[in-house]
Amino acid sequence: MPRATTRPQPAGREPGAAPAAPLAPTPSQTIGPFFGYALPFPGGGQIAPAGHPDTVTVHGLVRDGTGAPVPDALLEFWQAGPDGSLTGAPGSLRRDPATGAVIGRDGVDFTGFGRVPTDADGRYVLRTLPATATAPAGRPDAAPYLAVCVFARGLLHHLATRVYFPEHATANAADPLLAQLPTERARTLLARADGPGRYRFDVQLQQTADGTHEETVFLAFR
């Protein structure tokens, strides 16, 4: 026959007292940024294996709501591999087995992940392989893109966005995300070619008062 057990009462509560109300979550706070310490790693912007002939360069500015560059933002990139797979490969954050120091990539494997800080002028540079089509949530009509996560001063939470590419015009027109956006908003997710194998993609954290820079579309995941 099962025995009844008495659960220990938390300190300060009388037996039989009503349960205490759940504590409210602690709000996010910004006490930095500290992105320059520990998070960047050697070769963080070099996703493409060294010397790969298909390497492309994605570069741009991160700007705030006044149009000023943000010199201490941090951008993370994820993308599918050349075969369209999302499994990637380990190795972006390899450590020296003797010293424990982060030594970065092995220069051979494509991991599908990059982490790039902006410089003093708010610029970033990423060298990677061209984005390939994926099928998130079973959507085969999705266009190729790079997933981006933005960390910056004054942000209580990171921001998520995407980079699409102009040569995939037909796929972009059918993409589940781009197709539901007004044309002028979808344009903020589109990189522009500015040379052979080079693309410019700026991140605008907030629309400027004069409207010269429209806020980049950011995504909420539920």
Side-chain angles (χ1 to χ4, degrees), residues 28-52 54-82 86-131 145-165 188-189 191 194 197-206 215-216 218-219 221:
S28 298
Q29 299 184 38
T30 53
I31 55 171
F34 299 136
F35 303 140
Y37 174 74
L39 289 177
F41 61 93
Q46 306 287 338
I47 301 180
H52 198 292
D54 296 331
T55 298
V56 297
T57 298
V58 180
H59 69 104
L61 276 172
V62 178
R63 288 187 293 250
D64 64 18
T66 68
V70 179
D72 46 14
L74 188 74
L75 287 77
E76 291 186 346
F77 295 85
W78 293 269
Q79 69 177 99
L86 295 174
T87 55
S92 292
L93 301 177
R94 294 183 312 128
R95 292 183 177 273
D96 186 299
T99 66
V102 175
I103 57 177
R105 308 178 196 282
D106 60 13
V108 177
D109 294 317
F110 181 81
T111 65
F113 170 75
R115 181 183 288 156
V116 188
T118 55
D119 64 14
D121 297 318
R123 299 183 180 277
Y124 74 90
V125 178
L126 180 79
R127 292 184 174 85
T128 187
L129 298 183
Y145 66 86
L146 306 183
V148 188
C149 190
V150 183
F151 304 84
R153 67 172 82 181
L155 295 181
L156 297 182
H157 297 281
H158 56 269
L159 301 174
T161 188
R162 292 179 179 179
V163 183
Y164 290 87
F165 296 88
T188 69
L189 300 181
D194 71 348
R198 286 170 49 98
Y199 299 90
R200 174 75 179 261
F201 182 80
D202 293 338
V203 177
Q204 184 67 37
L205 298 179
Q206 186 179 32
E215 181 180 304
T216 300
F218 297 109
L219 310 176
F221 293 92

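Index from 1, following the sequence. Scope of the values below: all heavy atoms of this structure, side chains included, with no hydrogens, waters or symmetry mates.
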Closest heavy-atom pair and its distance - [X], [Y]:
{"X": "Ala73", "Y": "Val62", "value": "CB-CG1, 4.2 Å"}
{"X": "Val125", "Y": "Val116", "value": "O-CG1, 3.6 Å"}
{"X": "Phe221", "Y": "Ala160", "value": "CE1-CB, 3.6 Å"}

With [X] via side-chain contact (heavy atoms from CB on, under 4.5 Å) - residues at least two apart:
{"X": "Val108", "result": "Asp106"}
{"X": "Val163", "result": "Leu146, Val148, Phe165, Ala191, Phe201"}
{"X": "Gln206", "result": "Glu215"}
{"X": "His52", "result": "Pro49, Asp54, Thr55, Leu129"}

Validation row: [X], [Y] side chains within 4.5 angstrom (heavy atoms):
{"X": "Val70", "Y": "Leu205", "value": "yes"}
{"X": "Arg63", "Y": "Val203", "value": "no"}
{"X": "Pro71", "Y": "Asp119", "value": "no"}
{"X": "Val58", "Y": "Tyr124", "value": "yes"}
{"X": "Leu39", "Y": "Leu74", "value": "yes"}

Quiz prompt | With Arg95 via salt bridge (Lys or Arg N to Asp or Glu O under 4.0 Å) - residues at least two apart | solution = none
Tell me if a side-chain donor or acceptor on [X] pairs with a main-chain N or O of [Y] at a distance below 3.5 Å.
{"X": "Asp64", "Y": "Thr66", "answer": "yes"}
{"X": "Asp109", "Y": "Thr111", "answer": "no"}
{"X": "Thr57", "Y": "Arg127", "answer": "no"}
{"X": "Asp96", "Y": "Gly100", "answer": "no"}

[X]: side-chain hydrogen bond (donor to acceptor under 3.5 Å, both in side chains) partners, not counting sequence neighbours:
{"X": "Thr161", "answer": "none"}
{"X": "Tyr199", "answer": "Glu167"}
{"X": "Arg200", "answer": "Asp202"}
{"X": "Glu76", "answer": "Arg115"}

Quiz item: With a 3.5 Å cut-off and no angle check, do the side chains of Thr128 and Gln79 form a donor-acceptor pair?
Solution: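 Yes, a side-chain donor-acceptor pair sits under 3.5 Å.
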Enter the distance from [X]:[atom1] to [Y]:[atom2] here, rounded to the nearest 0.5 Å.
{"X": "Cys149", "Y": "Phe77", "atom1": "SG", "atom2": "CZ", "answer": "10.5 Å"}
{"X": "Phe113", "Y": "Ile47", "atom1": "CZ", "atom2": "CD1", "answer": "8.0 Å"}
{"X": "Leu155", "Y": "Phe218", "atom1": "CG", "atom2": "CZ", "answer": "8.0 Å"}

Quiz prompt | Any pair counted as salt bridge (charged side-chain N to carboxylate O under 4.0 Å, His left out), so long as it reaches residues 36-48, sequence neighbours left out | solution =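 Of all non-adjacent pairs touching residues 36-48, none passes salt bridge (charged side-chain N to carboxylate O under 4.0 Å, His left out).
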Quiz item: Does the side-chain contact (heavy atoms from CB on, under 4.5 Å) test come out yes or no for His59 and Leu126, once each step is laid out?
Solution: CA-CA 6 Å; His59 69 104; Leu126 180 79; over 6 Å; no
Practice problem: Give a yes or no on whether a salt bridge exists between Arg198 and Asp194, defined as a side-chain N under 4.0 angstrom from a carboxylate O. | Solution: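 Between Asp194 and Arg198 there is a salt bridge, with a charged N closer than 4.0 Å to a carboxylate O.
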